[in-house]
Protein chains: 2
Amino acid sequence: MNRAPSPTSTVLDDLFGALADPTRRALFTRLLHDGPQTATVLAADRALSRQAVVKHLQALAASGLASSERVGREVRYVATPERLTAVVAWLVESSGQWDRRIERLLGRVGAMPEAQIDAPHQQRGTVGPE
Amino acid sequence: MNRAPSPTSTVLDDLFGALADPTRRALFTRLLHDGPQTATVLAADRALSRQAVVKHLQALAASGLASSERVGREVRYVATPERLTAVVAWLVESSGQWDRRIERLLGRVGAMPEAQIDAPHQQRGTVGPE
DNA sequence: TTCACCTGCAACCAATCAGTTGCAGGTGAC
DNA sequence: GTCACCTGCAACTGATTGGTTGCAGGTGAA
């Protein structure tokens, strides 16, 4: 599973593209906080067809923000937020030396207490770099 | 100038959407590093029509990442990266307590001197997590 | 074995998007 | 005033996107 990113689009295209849709962001954060879910379950409490949700999840997977594993007859999707580092890297890199505000904001994250940082769920191996 | 964001899309939709296109990202960083430019000039060294560039710049402006000012018969576009704080805010907020890697990356930036936060950036309402 | 349930694939539709071209209207310089 | 140059608007096209529905196929449980 987990479609390979299309050769004509870059990692950042896929990432920003995936995050540009509110439904997709919602699915991503839902997976991030509630752990693995099937598309069927995710579609249940949303006014969306299962197929629509599947397509969104595949878009997330194509960008590396989600991954799927088969468990019996179900397919569970998991958020894989590591890839967001590419977004952060772009922010840092492209901004170079602009005004300080963003660094202050980022500083807050850097200063986060470690107690809160533990991975919310097991981050299984399918994630590998391409 | 600077179209208002459409009422049906949120700030984040517009931001991520604007950044999802490689041409738009290139234009943005170009403006960021080289300073104000006209669409005509920007289109010159790109294999793109002026109108196409104008549309991209308008998309950037709609998301708040660029602004334009009229100077005589020219219109100069300027990058306004402050709005990127909304992206950072989303990263911070939605991620909450994920994996360490990103914090290391962010930590590098956050380690800068004089990091104290004022108001996290005035967000015109609609930004929250959805 | 049978049946219920979940997934995957395909076709299709409407809307949006990226891009083009053509033309009209301002503005500055000579 | 004239002319060159830049911008703005509109129409149009092709591709992509977000969404739907229908149906076939695999899997687990009774």
Side-chain angles (χ1 to χ4, degrees), chain A residues 1-10 12-28 36-63 65-78 126, chain B residues 1-3 5-10 12-28 31 36-63 65-78 130:
Chain A
M1 242 144 255
N2 295 341
R3 289 192 315 211
S6 99
T8 63
S9 67
T10 72
L12 282 176
D13 292 351
D14 289 341
L15 276 172
F16 283 122
L19 296 174
D21 188 285
T23 303
R24 234 132 50 202
R25 284 198 306 278
L27 286 171
F28 175 71
Q37 304 283 341
T38 69
T40 305
V41 167
L42 289 168
D45 40 328
R46 220 161 268 284
L48 261 186
S49 69
R50 171 183 62 94
Q51 284 303 328
V53 170
V54 168
K55 284 189 185 179
H56 281 305
L57 291 171
Q58 284 173 342
L60 285 171
S63 72
L65 289 176
S67 166
S68 60
E69 59 168 344
R70 177 137 222 155
V71 178
R73 64 182 167 182
E74 310 189 317
V75 173
R76 304 214 180 119
Y77 289 85
V78 193
T126 45
Chain B
M1 257 150 239
N2 296 342
R3 289 192 317 210
S6 102
T8 63
S9 68
T10 72
L12 284 174
D13 293 351
D14 288 341
L15 275 172
F16 283 122
L19 296 173
D21 187 285
T23 303
R24 233 133 48 202
R25 284 199 306 278
L27 287 171
F28 175 71
L31 288 180
Q37 303 283 341
T38 70
T40 303
V41 167
L42 289 169
D45 40 329
R46 222 162 266 284
L48 261 186
S49 69
R50 172 183 61 93
Q51 283 303 328
V53 170
V54 168
K55 284 188 185 180
H56 281 305
L57 291 171
Q58 284 172 343
L60 286 171
S63 72
L65 289 176
S67 166
S68 59
E69 58 168 343
R70 177 138 223 154
V71 178
R73 64 181 168 183
E74 306 189 321
V75 172
R76 303 214 180 117
Y77 289 84
V78 193
E130 46 247 80

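Residue numbers begin at 1 in each chain, while the letters A, B, ... track the order of the sequences. What you are looking at is a predicted structure, and each value in this text was computed from that prediction instead of being measured.
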Nearest-angstrom distance from the residue atom OH of A:Tyr77 to P of C:dC6 = 15 Å
Please tell me which of A:Gly17 and B:Ala39 maps to the more 5' nucleotide of DNA chain D, matching each residue to the nucleotide holding its nearest heavy atom.
-> B:Ala39
Does B:Arg50 have any side chain to side chain donor-acceptor pair (under 3.5 Å) partners at least two apart in sequence or in another chain, and if so, which?
-> none
To the nearest Å, give me how far apart CG (A:Leu57) and P (C:dC6) are.
-> 16 Å
Does a side-chain heavy-atom distance below 4.5 Å link A:Gln37 with A:Val53?
-> no
Atom CG of A:Asp13 and atom P of C:dC17: how far apart are they, to the nearest Å?
-> 16 Å
Between CG on residue A:Leu65 and CG on residue A:Leu19, distance to nearest 0.5 Å = 5.5 Å
What is the distance from NE2 of B:His56 to C1' of C:dA18, rounded to the nearest Å?
-> 6 Å
Sequence-aligned protein contact record of nucleotides 20-30 of chain D, with B where the base is within under 4.0 Å of a protein heavy atom and S where only the sugar-phosphate is | BB-----BS--
Taken to the nearest whole Å, CD/B:Gln58 to P/C:dT16 is 17 Å
Euclidean distance, atom CD of residue B:Glu69 to atom P of C:dT27 [Å, nearest integer] | 16 Å
Expressed in angstrom and rounded to an integer, what is the separation of A:Asp21 atom CG from D:dT16 atom C1'?
-> 14 Å
Validation row: B:Leu57, B:Leu31 side chains within 4.5 angstrom (heavy atoms) | yes
Separation of atom CZ in B:Arg76 from atom P in D:dG8, rounded to whole Å = 14 Å
Take A:Val41 and A:Glu74 through the test side-chain contact (heavy atoms from CB on, under 4.5 Å) and record every step on the way to the result.
-> CA-CA 10 Å; A:Val41 167; A:Glu74 310 189 317; over 6 Å; no
Evaluate the side-chain contact (heavy atoms from CB on, under 4.5 Å) criterion for residues A:Arg46 and A:Leu27: first the C-alpha distance (whole Å), next the side-chain angles of each, then the deciding distance (0.1 Å), finally the verdict.
-> CA-CA 10 Å; A:Arg46 220 161 268 284; A:Leu27 286 171; 3.8 Å; yes
